[in-house]
Each structure stands twice: as structure tokens, then as C-alpha cells.
There are 2 protein chains.
Amino acid sequence: MNSFLQRLAAGGYRITPQRRLILEVLQQGARHQTAEDICASLQQKEPNISLGTVYRNLNILISLGLVTGVDFKDGRIRYELNDSHHHHLVCLNCGNTVEFPGCNLEETLGDIIGRTRFKITGHILEVFGYCRACQEPDGR
Amino acid sequence: MNSFLQRLAAGGYRITPQRRLILEVLQQGARHQTAEDICASLQQKEPNISLGTVYRNLNILISLGLVTGVDFKDGRIRYELNDSHHHHLVCLNCGNTVEFPGCNLEETLGDIIGRTRFKITGHILEVFGYCRACQEPDGR
DNA sequence: GCTATAATTAATAACCGTTCTTATTTAGGA
DNA sequence: TCCTAAATAAGAACGGTTATTAATTATAGC
Ligand SMILES: [Mn+2]
Ligand SMILES: [Mn+2]
Ligand SMILES: [Zn+2]
Ligand SMILES: [Zn+2]
């Protein structure tokens, strides 16, 4: 069985067709889909699936650490499997993104954070700009 | 005259009592206030000020680069004067924050970004965790 | 200083992504 | 196969933010 489904069950959650489909879309569909995107995909196979079900289960998956939500500053959350830690370069015009891995942020900030005695649980980092295709000749 | 007011005027905007007061609260009040916090402060001096006016003007101030909005993951935007570039350590329990300056993120990411040919306009970085007072003995 | 007028405001409705409610259905253990 | 707590579909509610509009006002030009 899919290891994501195993982890759902290990968390005390039931394996429902809706949850199988949500994980399927996250694994095989496009990256960085909104809840509505995901719901629309699911409805092709299962027309009666509800947007509320998608949100509820995405939040469960996030709480289990299987999924992460990212904010590209357009007013809606994008969801992706929580595989390898990375961040994004986001084009403010067309919305295209470039992922960049190799984040050493928490070690870089180690000294500053150490002095605060905070117990760190995570961080968000997104870089914004204009991709090559969206840059005007005048440099915007 | 206040240099922020000068920059407002230079941007083609009128100097209204409401705008004076908003800048006053941002300069002299607490950091990281929500629009509602700011509105409540203003209403002590000017009872009829409208929340819409606060939002509209905050967005103008942001577009002029005088103010920045930050997201502490509690569903509302916090506003602060755009003085020196910095980021935050945010306690997920009590909401307390620590600011840390000295961000060299864009030079650190220079190589990666350079290859993408993006024209960078900014970035967001927030670190989350639990402050010392909010950490349980068991380490949460 | 006055006036004309476009900018701004107060009040309030609308928006919209997300969460909540509830009656019904269902996954999974006994 | 049953039982029951968990999950779902449908749709209402929520809450932060934005849009609308009639009235007010800052300011440029005289
Ligand atoms: Mn990603
Ligand atoms: Mn700050
Ligand atoms: Zn990172
Ligand atoms: Zn920075």
C-alpha cells in the first residue's frame, strides 16, 4: 500500500475513496494546485465530491506532515506533497514558479535563533519577481 | 514636514488628516498592528474613521514602499513602516515576535536566481516556533 | 482668499477563500 | 454481518479585505 495511505491510517484516519483520490492527484497531477484545482480534478472521477471534503482532508494531511501549503501571494493556498524541503521563485505576472532546494536557512540563522531560545518548528521563504518571459524591454 | 508625508505628496496623493493619523500610529504605536488595531487607535482621535479608509491607505502606502505587510499565519496582515529590511521569529502560541535584521538572502541565492533570469523584486521569510515562555517542559 | 473639481472619505454592501453545520453515508473493528 | 464512530455532500456561515456610492474636502488656478 501507498506509504502516504499507511501514514494516514497510522494517524488514526480511515482510508476513504476521497482521500485516495486526493493523494493520487497530489502525486500524479500538477504541482502547486489550489484546493479548487484539486477538487475539479477529483470531480472528473467522482462528480459528487465536495470542496469542503478537499479542504478538510488537505488540512488533515498537513497536520500529519504529508502535505504542505504554500502562499504565492495571490490570495489562495497551493498544496503539494511534502517530499523534499524547498522554496520557490514566483513570477508576479504569469504565476510561473521555479523550485530551489538546498535550503540551509535554519543553520544559517542558528546563532540568532539560539539566542532567542525559540524552539523552531518551520519557516516560510518565497522569492518574488518577474520571469524572463514577463520582463519588459524597459526592465519593468 | 514628515518625510513620509512628503513621499505621499510626491506620489500624487493628498495629505489628509486620516493619512497623517495612520502614519502617526505606524511611527509611534506598536509594531505589527493589524488594520483593525490601527483603525481602533485612530478612532480614539477621530471617531468616524472607516476601516475601509485604513485598508485603502495602507495599500497606497505599500505601493509607495513606505509600509510593508507581513503574514504571521494567523489570517490577518500586520503592517509596519518599511524602514530597515528584516524578518521575524514568530511564536505560534502567544504571537510574540523577534525581529532579526542582517538579511543576505538575495546574495546567498544569487547563483540560483541568476540562472533563472528572474528579475527579483522581493522576498518573504518568516520563521515559526515556540518562544521560551510557551515551551512546555516536555518540549511540546 | 475663493472656486472649481478631482480626490478622498464614511458607510455599507459585496467578495471570496476557507471553515462550519448537519443529516446521511460508510469504513473498519467486533 | 452488524454496529458505531468517522467521514461525506450540500450548503450556510465566517471573516478579512475590497468595491460601491453619495457626500465631503484638499488643493491647484485664478
Ligand atoms: Mn514546490
Ligand atoms: Mn517587523
Ligand atoms: Zn527552507
Ligand atoms: Zn530578507
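Reminder, nothing fancy here: chain letters follow the sequence lines and each chain counts from 1.
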Output a table of nitrogen or oxygen pairs between the protein and nucleotides 27-30 of chain D separated by less than 3.5 Å.
from	atom 1	to	atom 2	distance (Å)
D/dT27	OP1	B/Ile15	N	2.9

Inset, instruction - Answer whether the closest heavy-atom distance between the side chains of A/Asn82 and A/Val67 falls below 4.5 Å. - result: no

Inset, instruction - Compare every heavy atom of A/Glu80 with every heavy atom of A/His32, then report the nearest pair and how far apart it is. - result: NE2-OE1, 3.2 Å

Inset, instruction - Using a 4.0 Å cut-off on protein heavy atoms (strictly under), produce a 5'-to-3' string for nucleotides 10-19 of chain C with B for base contact, S for backbone-only sugar-phosphate contact, and - for none. - result: BB-----SBB

Legend entry - Interatomic distance, B/Leu61 CG vs C/dT8 P [rounded to whole Å]: 12 Å

Legend entry - Heavy-atom check, side chain of B/Ile113 versus side chain of A/Leu89, under 4.5 Å: yes

Legend entry - Separation of atom CZ in A/Arg20 from atom P in D/dA7, rounded to whole Å: 14 Å

Inset, instruction - In whole angstrom, give the distance that lies between atom CG of A/Leu42 and atom C1' of D/dT8. - result: 13 Å

Inset, instruction - Could you walk me through whether A/His85 and A/His123 pass ring-ring contact (aromatic ring centres under 6.0 Å, His included), step by step? - result: CA-CA 11 Å; A/His85 181 75; A/His123 62 262; 4.8 Å; yes

Inset, instruction - Before giving the answer on side chain to side chain contact (heavy atoms under 4.5 Å, CB included), spell out for A/Leu5 and A/Leu23 the whole-Å C-alpha distance, their side-chain angles and the decisive distance to 0.1 Å. - result: CA-CA 8 Å; A/Leu5 293 176; A/Leu23 284 168; 3.6 Å; yes

Legend entry - B/Lys73 NZ - D/dG15 P separation (whole Å): 19 Å

Inset, instruction - For the residue pair B/Phe100 and B/His87, categorise the inter-ring angle as parallel (less than 30°), tilted (30 to 60°) or perpendicular (more than 60°). - result: tilted

Inset, instruction - Please assess A/Thr68 against A/Leu81 for the test side chain to side chain contact (heavy atoms under 4.5 Å, CB included), listing each intermediate value before the final yes or no. - result: CA-CA 6 Å; A/Thr68 55; A/Leu81 285 185; over 6 Å; no

Inset, instruction - Could you check if a side-chain atom of A/Arg117 sits within less than 4.5 angstrom of a side-chain atom of A/Arg115, using non-hydrogen atoms only? - result: no

Inset, instruction - May I have the distance from A/Leu5 (atom CG) to C/dA27 (atom P), rounded to whole angstrom? - result: 14 Å

Legend entry - B/Asn57 CG - D/dA26 P separation (whole Å): 13 Å

